[in-house]
Amino acid sequence: MNSEPVPLPLGFSLCTKEKNDFKRLTCEIDTLKEAGEIIISYPPRMYNPYKAHHWTILKLIFLKMYARDVYTPIIGRRFPFMAFIDPFAGTGLNTYEEAKFYIPGSTLIAWFFATFPFDKVYAVGYGDMNYRLLKMRLEKFIPPSRLWVAKGDANILIDSIVKDLKKTKEAFGGVHFLAFIDPDCFEAQWRMLEKLVELESHGISGDFIILLQSRLIARTIGRIRMGKRINTEIIDQFFGTNEWTYLIDLPSGELEKGIMDFYLKRLKEIKSKALIEVINIELFRSVHYHLIYLTRETKGKSPYLATVRWLKNFVENADKRDVDRAIRIALGIERTIDYFLEEG
């Protein structure tokens with residue numbers, strides 16, 4: 001296979017000029033679909049994508065917009081070295097229930113849509129086949145000098161990433177990173193976040209996008225309340241403490257909020273001058289997770305948060321049926337009336 005990276009100049013987008021929220025959402029998904037078509041046009045021919053509910057695409061849209069419109073334009077001008085960290089990189093390709101298209105994985109979204117390219121991309125895969133597919137895809141598009149990819153437990157491999165960032169700081173002077181922490185549920189142990197935040201004491205700062213599966217966590221705690229035998233050590237490792245046990249006694253209707261509040265409290269304990277925005281993504285009863293954006297407050301009060309708040313306001317305030325339909329149409333799950341008129 002040709003090892004020469006294939007350039008994808010996708011960092012500039014006309015989507016930001018779209019005033020209609022739903023048209024903008026569709027535009028953002030359409031460009032992800034275009035990138036997905038490019039990925040599957042190259043080997044490996046075994047796709048093996050990560051398959052999820054279509055509403056989970058919102059977290060990838062957020063990553064895309066943040067890397068493109070906020071992070072790389074600002075950090076790329078202020079720091080000589082910027083890195084992207086993806087501890088749960090999957091196979092590098094996603095698809096959705098009933099969808100007819102493929103979407104890049106988070107690592108390639110950050111690489112493809114950065115306005116200025118990341119100087120280093122760190123990605124962790126797991127499972128022999130999934131890792132081989134991830135590695136092949138990343139090596140096709142990202143130059144070897146800018147790629148660090150490994151297989152194994154991200155909670156252990158984070159030590160190697162931290163060590164490499166410290167060495168980079170010595171060589172370049174200024175280093176900043178964007179970490180996309182996207183576990184299925186409890187996989188991201190607290191020590192991972194602590195290790196990355198502790199880099200601030202070495203002059204290395206970072207922004208975080210963290211997926212908190214509030215509903216899945218609440219279901220696990222609910223089973224404990226019902227007397228089911230659960231290995232609570234994984235929950236201790238997730239929160240970095242056993243103080244979470246008070247959540248067991250919360251009323252069911254308050255449990256998900258309690259989980260969120262406790263997690264945010266823990267973040268503020270380890271992150272100096274933490275500036276946090278939370279996007280509450282809830283589709284009726286079937287899907288509910290929180291997307292946490294964590295950065296360090298600056299003297300200018302971080303005015304660049306407009307992009308973060310656009311998606312937050314759009315998702316939280318729009319009619320959920322409208323958002324759901326916009327995503328389904330963009331992914332080809334649902335057809336518009338225009339399609340049937342054209343067919344006729």
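Quick caveat, the model's predicted, so the values are computed rather than measured.
Taking CE of Met260 as the start and CG of Leu255 as the end, the distance is 12.5 Å to the nearest 0.5 Å. The NE2 atom of His202 sits 11.0 Å away from the CG atom of Leu165 when rounded to the nearest 0.5 Å. Atom-to-atom distance recorded for Leu294:CG and Leu264:CG is 9.0 Å, nearest 0.5 angstrom. Atoms CG and CD1, on Leu63 and Ile57 in that order, are 12.0 Å from each other to the nearest 0.5 Å. Within the model, atoms CD of Gln189 and CD of Gln237 stand 4.0 Å from one another, a figure rounded to the nearest 0.5 Å. Taking OG1 of Thr107 as the start and CG of Leu93 as the end, the distance is 11.5 Å to the nearest 0.5 Å.
Side-chain contact between Lys120 and Asp164: present, with at least one pair of heavy atoms (C-beta onward) separated by less than 4.5 Å. Side-chain atoms of Leu216 and Arg219, non-hydrogen and from C-beta on, do get closer than 4.5 Å to each other. Between Leu199 and Phe177 there is a side-chain heavy-atom pair separated by less than 4.5 Å. Side-chain atoms of Tyr47 and Thr95, non-hydrogen and from C-beta on, never get closer than 4.5 Å to each other. A heavy-atom distance below 4.5 Å is found between the side chains of Arg191 and Ile158. Phe101 places none of its side-chain heavy atoms less than 4.5 Å from the side chain of Ile29. You'll find the side chain of Tyr293 stays beyond 4.5 Å of the side chain of Ile279, heavy atoms only. The shortest distance between side-chain heavy atoms of Ser252 and Arg225 falls below 4.5 Å.
The salt bridge (charged side-chain N to carboxylate O under 4.0 Å, His left out) contacts involving residues 252-263 comprise Arg215-Glu256, Lys257-Asp261, where partners must be two or more places apart or lie in separate chains. Among residue pairs with one or both ends in residues 27-125, those qualifying as disulfide bond (SG atoms under 2.5 Å apart) are Cys15-Cys27; sequence neighbours excluded. Among residue pairs with one or both ends in residues 173-187, those qualifying as side chain to side chain donor-acceptor pair (under 3.5 Å) are Tyr50-Asp184, Lys59-Asp182, Tyr71-His176; sequence neighbours excluded.
Lys33 and Ala330 make their closest contact through NZ-O, 2.5 Å (heavy atoms, listed as atom of the first residue, atom of the second, distance). For Leu134 against Gly92, the heavy-atom pair with the smallest separation is CD1-N, 3.8 Å. Closest of all the heavy-atom pairs between Val197 and Ile270 is CG1-O, 3.0 Å. Nearest heavy atom pair, residue Leu32 against residue Pro104, reads O-CD, 3.2 Å. Residues Tyr102 and Pro49 share a closest heavy-atom pair of CE2-CG, 3.6 Å. Residues Ser214 and Ile259 share a closest heavy-atom pair of O-CD1, 3.8 Å.
Ile292 and Ile281 fall into different hydrophobic clusters, defined by Ile, Leu, Val, Met, Phe, Trp and Tyr side-chain heavy atoms under 4.5 Å apart, directly or through other members. Hydrophobic clustering of Ile, Leu, Val, Met, Phe, Trp and Tyr side chains at less than 4.5 Å, counting indirect connections, unites Val149 with Met82. Using a 4.5 Å cut-off between side-chain heavy atoms of Ile, Leu, Val, Met, Phe, Trp and Tyr, with links allowed through other members, Ile210 and Ile61 fall into different hydrophobic clusters. Cluster membership check: Tyr289 does not share its hydrophobic cluster with Leu247, using side-chain heavy-atom separations under 4.5 Å among Ile, Leu, Val, Met, Phe, Trp and Tyr. One hydrophobic cluster, built from ILVMFWY side chains closer than 4.5 Å, cannot hold both Val278 and Ile209; they sit in different ones.
With sequence neighbours excluded, the residues that form a side chain to side chain donor-acceptor pair (under 3.5 Å) with Asn155 are Asp153. In this view, Glu269 and Lys265, Arg266 satisfy the side chain to side chain donor-acceptor pair (under 3.5 Å) rule, not counting sequence neighbours. Among residues two or more places apart in sequence or in another chain, the disulfide bond (SG atoms under 2.5 Å apart) test is passed with Cys185 by none. Applying the side-chain contact (heavy atoms from CB on, under 4.5 Å) rule to Arg229 yields no partners; only residues at least two apart in sequence or on another chain are considered. Residues that satisfy the side chain to side chain donor-acceptor pair (under 3.5 Å) test with Arg146, not counting sequence neighbours, are absent from this structure. Under the ring pair (Phe, Tyr, Trp, His ring centres under 6.0 Å) criterion, Phe262 pairs with Phe239, Tyr246, not counting sequence neighbours. By the ring pair (Phe, Tyr, Trp, His ring centres under 6.0 Å) test, Phe172 is found to be paired with Phe81, residues two or more places apart in sequence or in another chain being considered. Partners of Asn280 under the side chain to side chain donor-acceptor pair (under 3.5 Å) rule, at least two apart in sequence or in another chain, are His288, His290.
Thr91 contributes no side-chain N or O that, together with a main-chain N or O of Asn130, makes up a donor-acceptor pair within less than 3.5 Å. Here the side chain of Thr295 pairs no donor or acceptor atom with the backbone of Asp207 at under 3.5 angstrom. With hydrogens and angles disregarded, no donor-acceptor distance shorter than 3.5 Å links the side chain of Lys268 to the backbone of Ile276.
Tyr263 has its ring centre no less than 6.0 Å from the ring centre of Trp244.
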For Leu291 and Leu211, what are the C-alpha separation, side-chain angles and deciding distance, and is it a side chain to side chain contact (heavy atoms under 4.5 Å, CB included)?
CA-CA 5 Å; Leu291 203 56; Leu211 183 77; 4.1 Å; yes

Apply side chain to side chain contact (heavy atoms under 4.5 Å, CB included) to residues Ile109 and Phe180 and explain how you reach the verdict.
CA-CA 11 Å; Ile109 287 175; Phe180 187 69; over 6 Å; no

Just do the side chain to side chain contact (heavy atoms under 4.5 Å, CB included) check on Leu193 and Leu267 with the steps written out, would you?
CA-CA 9 Å; Leu193 292 172; Leu267 288 175; 4.1 Å; yes

Stepwise side chain to side chain contact (heavy atoms under 4.5 Å, CB included) test for Phe208 and Leu196:
CA-CA 10 Å; Phe208 296 79; Leu196 291 173; 3.8 Å; yes

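Of the residues Tyr66, Phe118, Trp111, the one that meets the ring-ring contact (aromatic ring centres under 6.0 Å, His included) test with Phe84 is Phe118.
Residues Asp30 and Lys23 are not paired through a salt bridge, judged by the lack of any N-O separation under 4.0 Å between the basic side chain and the carboxylate. The residues Arg24 and Glu28 are annotated as salt-bridged, a charged nitrogen and a carboxylate oxygen being separated by less than 4.0 angstrom.
A donor and an acceptor atom, one from each side chain of Ser106 and Asp86, are located under 3.5 Å apart.
Cluster note: Met129 groups with Met46, Leu133 through ILVMFWY side-chain heavy atoms spaced under 4.5 Å, whether in direct contact or through intervening members.
Between Phe238 and Phe186, the angle of the ring planes goes over 60°, which puts this pair in the perpendicular group of the 30/60° scheme.
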